[in-house]
Amino acid sequence: MRGPVVVLGDTLLDRDVEGVVNRLCPDSPVPVLDETAATDRPGGAGLAAVFAAAQGAEVVLVTALADDAGGARLSALLTAAGVQVYPLALAGATPEKIRLRARGRVLLRHDRGGASGEPGQPSDEVLRVIGAASAVLVSDYGRGVARQPALRDALAATRAPVVWDPHPRGPAAVPGVHLATPNESEVRELVPALPGASRLATASRGAQGLRRRWRAGAVAVTLGGDGALLCHAGSTPLVVPTPGSAEGDTCGAGDRFAAAASLALAQGALVSEAVQVAVAEASAYVAGGGVAAALPPSVPAVLAGPTSGSRTTRSGTRGGPVTAGVADRVGVVAVATLLNEVRAAGGTVVATGGCFDLLHAGHVATLEAARQLGDCLIVCLNSDASVAGLKGPDRPVQSERDRSRLLAALSCVDAVLIFDEPTPDAALSWVRPDVWVKGGDYATGGGDATAALPEAEVVRRWGGNTVVVPYLDGRSTTDLIVRTLAERTR
């Protein structure tokens with residue numbers, strides 16, 4: 001493959017709540033589910049991206065993330081799965097689908113998040129990565145990303161094969177896509193069936209109608225446990241049966257089909273070959289236990305920290321006073337509230353990160369310099385587990401709770417976000433700062449101080465900038481610890 005596989009579309013947060021039912025509610029004749037476990041995972045385009053990444057491909061996901069706890073959780077899950085997230089801003093809340101389950105059966109699905117919000121404009125970096133893709137999968141869930149005009153122009157211009165997984169509430173496919181992959185019910189909504197027509201006739205007529213309407217190279221209608229029907233050049237469709245009977249949880253099977261077809265096309269397969277691979281992959285997925293067995297274990301709830309309490313209104317002026325309490329400045333809710341306030345006022349979001357194990361004058365100088373570059377400063381703080389993984393089992397010296405409260409008490413810090421991974425990539429993909437700041441040592445005259453910053457590549461995904469500010473020479477947490485231990489051993 002000459003470039004990454006790009007997945008573009010709407011991402012949802014899916015949660016499976018498992019439990020047992022042993023009684024009815026006393027005030028209403030409905031079952032009571034006693035929760036025993038809950039699992040979060042990316043849904044929609046995010047699930048398709050995770051499937052593709054699990055096959056070892058380099059995967060980029062272009063999606064919209066909201067400034068809320070759900071968006072933070074999605075960013076963490078996607079990054080942990082090896083997906084490179086190129087986020088667009090999302091107005092409103094993260095869409096969530098919550099399935100209440102008992103003994104393997106879904107009792108109720110609870111959707112929340114409200115009407116879909118408008119996705120923001122893509123950065124130049126997003127448009128560049130679409131142009132450099134080896135294949136593009138548009139995973140449309142009808143919430144607006146596939147309608148974005150600049151993204152549609154980029155899809156029409158790319159030379160990579162484009163697979164379009166449509167939604168009845170979504171837009172028409174961009175003319176000229178290589179393959180569209182609707183399921184039976186979607187075809188019936190998009191192309192009304194003739195009365196009395198057989199199942200195969202309805203699928204074939206719908207596929208041919210969509211192929212002409214969208215000027216698509218081919219349309220594959222997925223038929224559940226019976227495989228797929230492929231219509232391309234010529235009047236005779238190709239029926240691809242499943243290799244064996246597959247019964248089980250079909251949630252995500254369509255995403256698995258579309259992801260497998262996209263990977264096959266990226267590797268040079270013919271459309272007919274790609275559909276055969278996709279049928280086999282989707283069938284094995286269902287037979288193997290569905291999404292619960294296919295995905296890696298859910299990562300811990302990262303991007304954490306205290307989330308209770310409300311924040312008082314900030315001045316919003318560059319370098320101005322901050323009036324919120326210390327506890328109100330730590331955690332996802334605090335950061336989400338701050339982001340909404342600053343962005344609604346057209347302000348500039350600045351972020352920096354680190355362990356800040358023993359807060360010293362060098363840290364303070366960097367933080368004060370960073371705060372002067374915008375209208376708020378968010379500190380992305382390594383959690384205790386993250387620090388131990390980076391520095392060794394004897395670190396941190398201070399707990400994440402103490403470190404976050406010390407940082408939040410500084411007048412130059414507006415909010416603190418704790419993250420659990422070795423790098424701040426997931427936190428950055430959610431926060432999407434306009435400016436990412438790191439402290440640098442200019443005493444050695446080391447040339448381009450930003451060249452070695454891995455975060456610079458991440459920040460470019462949404463058009464942000466990375467800068468280095470000088471820190472006070474000779475200040476180091478490690479040196480402080482070494483000197484303190486040396487004093488104690490004298």
Side-chain angles (χ1 to χ4, degrees), residues 4 6-12 44-46 49 60-68 70-72 74-75 78 83-95 113-133 136-158 160 162 164 167 169-175 335-336 338-351 373-376 378 425-436 455-466:
V6 175
V7 180
L8 182 153
D10 313 291
T11 300
L12 305 85
V60 163
L61 173 63
V62 178
T63 193
L65 294 178
D67 292 334
D68 59 11
L74 277 174
S75 184
L78 290 163
V83 176
Q84 301 174 39
V85 182
Y86 281 60
L88 312 175
L90 177 63
T94 297
S116 55
E118 286 294 322
Q121 288 288 328
S123 66
D124 291 342
E125 192 71 10
V126 167
L127 303 181
R128 184 201 64 77
V129 79
I130 293 174
V136 180
L137 167 58
V138 179
S139 181
D140 183 20
Y141 273 74
R143 299 190 67 88
V145 172
R147 293 185 186 275
Q148 214 286 330
L151 293 178
R152 292 180 68 85
D153 290 344
L155 291 170
T158 185
V162 176
W164 196 284
H167 192 281
R169 295 196 304 271
V174 170
V335 174
L338 176 65
L339 290 173
N340 283 319
E341 291 175 3
V342 174
R343 286 178 172 146
T348 297
V349 176
V350 182
L373 298 176
D375 298 284
C376 71
I378 297 168
D425 289 7
L428 285 172
S429 295
W430 175 60
V431 174
R432 303 185 312 278
D434 301 295
V435 183
W436 172 249
E455 299 93 348
E457 180 182 351
V458 176
V459 174
R460 280 196 299 268
R461 295 175 184 174
W462 53 89
N465 295 296
T466 301

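For the numbers below, each heavy atom of this structure counts, side chains included, while hydrogens, waters and symmetry mates do not.
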Practice problem: Flag the pair Trp164 / Leu155 as yes when at least one side-chain heavy-atom distance between them is below 4.5 Å, and no otherwise. | Solution: yes
Exercise. Over all heavy atoms of both residues, which pair between Ala150 and Pro122 is shortest? Give the atoms and the distance, please.
Key: CB-CG, 3.7 Å
Quiz item: Is it true that a side-chain atom of Thr466 and a backbone atom of Trp436 form a donor plus acceptor pair closer than 3.5 Å?
Solution: no
Quiz item: Does any non-hydrogen side-chain atom of Leu61 lie less than 4.5 Å from one of Thr11?
Solution: yes
Practice problem: Answer yes or no: is there a side-chain heavy-atom contact under 4.5 Å between Leu339 and Val431? | Solution: yes
Please tabulate, for side-chain N and O atoms in residues 125-132, each donor-acceptor pair with protein atoms closer than 3.5 Å (sequence neighbours left out).
residue, atom, partner, partner atom, Å
Glu125, OE2, Arg128, NE, 3.3
Glu125, OE2, Arg128, NH2, 3.1

Exercise. Considering non-hydrogen atoms only, spot the tightest contact between Gly463 and Ser123 and give its length.
Key: N-CB, 3.6 Å
Quiz item: Is any side-chain heavy atom of Arg152 less than 4.5 Å from a side-chain heavy atom of Pro171?
Solution: yes
Quiz item: Any donor and acceptor pair, going by atom type alone, linking the side chain of Asp10 with main-chain N or O of Val145 inside 3.5 Å?
Solution: yes
Quiz item: Within the distance-only criterion (no hydrogens, no angle test), does the side chain of Asn465 pair as donor or acceptor with the backbone N or O of Val435 below 3.5 angstrom?
Solution: no
Quiz item: Using a distance-only test with no angle check, is there a side-chain donor-acceptor pair under 3.5 angstrom linking Thr94 and Asp68?
Solution: yes
Quiz item: Among Asp375, Ile378, Leu338, Val335, whose side-chain contact (heavy atoms from CB on, under 4.5 Å) with Val349 holds?
Solution: Ile378
Self-check item: Side chain Thr158, main chain Ala154, donor-acceptor under 3.5 Å
Solution: no
Practice problem: Might you work through the side chain to side chain contact (heavy atoms under 4.5 Å, CB included) test for Val6 and Leu137, ending with a clear yes or no? | Solution: CA-CA 6 Å; Val6 175; Leu137 167 58; over 6 Å; no
Quiz prompt | Residue pair Pro433 / Trp462, side-chain heavy-atom distance below 4.5 Å | solution = yes
Quiz prompt | Donor-acceptor pair, side chain of Ser75 and main chain of Ala426, under 3.5 angstrom | solution = yes
Quiz item: Does the salt bridge (Lys or Arg N to Asp or Glu O under 4.0 Å) test come out yes or no for Asp67 and Arg432, once each step is laid out?
Solution: CA-CA 9 Å; Asp67 292 334; Arg432 303 185 312 278; 3.4 Å; yes
Quiz item: Going through the distances and angles, do Val174 and Val162 end up as a side chain to side chain contact (heavy atoms under 4.5 Å, CB included)?
Solution: CA-CA 9 Å; Val174 170; Val162 176; over 6 Å; no
Self-check item: Inter-residue atom distance Arg143.CZ - Thr63.OG1, 0.5 Å rounding
Solution: 10.5 Å
Quiz item: Does some side-chain heavy atom of Gln148 sit less than 4.5 Å from a side-chain heavy atom of Gln121?
Solution: yes
Quiz item: Which pair of heavy atoms, one from Leu90 and one from Pro95, lies closest together, and at what distance?
Solution: CD2-CD, 4.5 Å
Self-check item: Contact summary for Ala146 and Val138, nearest pair of heavy atoms
Solution: CB-CG1, 4.1 Å
Quiz prompt | For Arg461, salt bridge (Lys or Arg N to Asp or Glu O under 4.0 Å) partners two or more places apart | solution = none
Quiz item: Is a side-chain donor or acceptor of Trp430 paired with a backbone partner of Ala336 at a separation under 3.5 angstrom?
Solution: no
Practice problem: Mind running side chain to side chain contact (heavy atoms under 4.5 Å, CB included) on Val85 and Val458 for me, showing each step along the way? | Solution: CA-CA 9 Å; Val85 182; Val458 176; over 6 Å; no
Practice problem: Hey, could you give me the OG/CG distance between Ser139 and Leu8, rounded to the nearest 0.5 Å? | Solution: 9.0 Å
